[in-house]
Number of protein chains: 2
Amino acid sequence: MKTNLKLRVQALGDPTRMAIFERLERGPLAVGEIARSLPVTRSAVSQHLKVLKDVGLVTSQRAANRQIYQIDADGVAGLRDYFDHFWQESLQSFKHAAEKSFKEKSQ
Amino acid sequence: MKTNLKLRVQALGDPTRMAIFERLERGPLAVGEIARSLPVTRSAVSQHLKVLKDVGLVTSQRAANRQIYQIDADGVAGLRDYFDHFWQESLQSFKHAAEKSFKEKSQ
DNA sequence: ATTTAAGGTTAGTCTTCACTAACCGTTAGT
DNA sequence: ACTAACGGTTAGTGAAGACTAACCTTAAAT
């Protein structure tokens with residue numbers, strides 16, 4: 001399994017980074033635009049975006065003066081798949097535990 | 001939206017808690033069993049499990065002397081749904097951005 | 001009744017990391 | 001050329017929280 005997945009969860013574990021991430025849900029934004037809607041400096045936003053980019057949750061591209069960030073849909077899909085797989089495994093193990101418990105009680 | 005979702009991501013953001021969480025994927029475990037497979041004390045594991053329980057990612061039940069923890073499948077499903085929804089929104093916004101970019105270039 | 005093992009709680013320490021301020025390079029406009 | 005706005009980088013600080021050690025209760029065993 002990709003260890004990147006854990007790093008992504010770790011990255012989103014910070015409330016400010018999660019807020020930045022959600023700002024990008026509706027579409028690409030420049031660093032300054034994000035910072036203006038948050039109670040932190042551009043510097044902080046820039047650092048957070050670097051983390052998000054390093055773990056593959058956002059991508060960036062230059063537009064003249066500005067740096068435009070947007071969600072990396074593949075990165076999000078990875079997270080969804082991980083939790084989906086996890087969910088299925090959990091259901092499975094729950095079934096087994098329930099059956100085992102039933103057998104133990106009925107003997 | 002459930003603010004709980006962000007708390008869940010936050011909870012799994014800690015590597016030790018993520019490790020504990022993954023230990024429970026295959027089935028219910030007691031606190032001591034988890035602690036034995038990790039480089040931290042039972043006390044730490046107990047505290048982490050409390051956090052995971054508070055945000056709805058695990059449940060617990062007594063078995064005589066011991067406290068048995070297991071994954072809360074509903075909690076995991078919530079995370080999966082969140083990221084699935086997020087993924088769809090991101091794809092949508094990506095489409096729009098691409099179309100807009102195409103129009104701008106062709107005019 | 002004592003012992004043993006389980007797990008939760010608390011106080012205190014220590015590390016991690018989010019944040020700001022200051023600086024730098026870059027680009028567009030005048 | 002100069003100015004202004006953008007964004008990335010660094011050093012230093014502060015606060016949040018992960019961890020251990022010590023203590024407590026509870027339950028089963030002898």
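Every chain is numbered from 1, with letters handed out A, B, ... down the list of sequences.
- Contacts between residues 44-61 of chain A and DNA chain D, defined by a heavy-atom separation below 4.0 Å, involve A/Ser46, A/Gln47, A/Lys50, listed by number.
- Every pair passing salt bridge (Lys or Arg N to Asp or Glu O under 4.0 Å) that includes a residue from residues 76-85 of chain B is listed here, sequence neighbours excluded: A/Arg80-B/Asp84, A/Asp84-B/Arg80.
- Between A/Tyr69 and the phosphate of D/dG8, there is a side-chain N or O to OP1/OP2 separation shorter than 4.0 Å.
- With sequence neighbours excluded, no residue forms a side-chain hydrogen bond (donor to acceptor under 3.5 Å, both in side chains) with A/Glu25.
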N/O contacts under 3.5 Å, protein versus nucleotides 25-30 of chain D?
none

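- In this structure, the separation between CG on A/Leu12 and NZ on B/Lys6 is 11.0 Å, given to the nearest 0.5 Å.
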Validation: residues 50-69 of chain B side-chain donor-acceptor distances under 3.5 Å, sequence neighbours left out:
unit_1  : atom_1 : unit_2  : atom_2 : d
B/Lys53 : NZ     : B/Ser60 : OG     : 2.8
B/Arg62 : NH2    : B/Ala64 : O      : 3.3

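- In this structure A/Gln47 satisfies the side chain to side chain contact (heavy atoms under 4.5 Å, CB included) test together with A/Ser43, sequence neighbours excluded.
- Under the ring-ring contact (aromatic ring centres under 6.0 Å, His included) criterion, the residue pairs touching residues 11-61 of chain B are A/Phe86-B/Phe21, with sequence neighbours excluded.
- More than 12 heavy atoms of other residues, nucleotides or ligands lie within 6.0 Å of CZ in A/Arg23, so this atom counts as buried by the packing criterion.
- Distance check: B/Gln88 CD to B/Phe83 CZ gives 14.0 Å after rounding to the nearest 0.5 Å.
- Listed in residue order, the members of residues 10-18 of chain A having a heavy atom less than 4.0 Å from DNA chain C are A/Asp14, A/Thr16, A/Arg17.
- With sequence neighbours excluded, the residues that form a side chain to side chain contact (heavy atoms under 4.5 Å, CB included) with B/Val40 are B/Thr16, B/Leu38, B/Ala44, B/Val45.
- Chain A approaches DNA chain C over the interval C/dA18 to C/dA28, counting the first and last nucleotide 5' to 3' with an atom under 4.0 Å from its heavy atoms.
- The side-chain hydrogen bond (donor to acceptor under 3.5 Å, both in side chains) check on A/Thr41 picks up nothing, with sequence neighbours excluded.
- Summarising the geometry, atom CZ belonging to B/Arg36 is positioned 10.0 Å from atom CG belonging to B/Leu29; distances are rounded to the nearest 0.5 Å.
- Between B/Arg17 and B/Glu22 there is no salt bridge, since no side-chain N of the basic residue sits under 4.0 Å from a carboxylate O of the acidic one.
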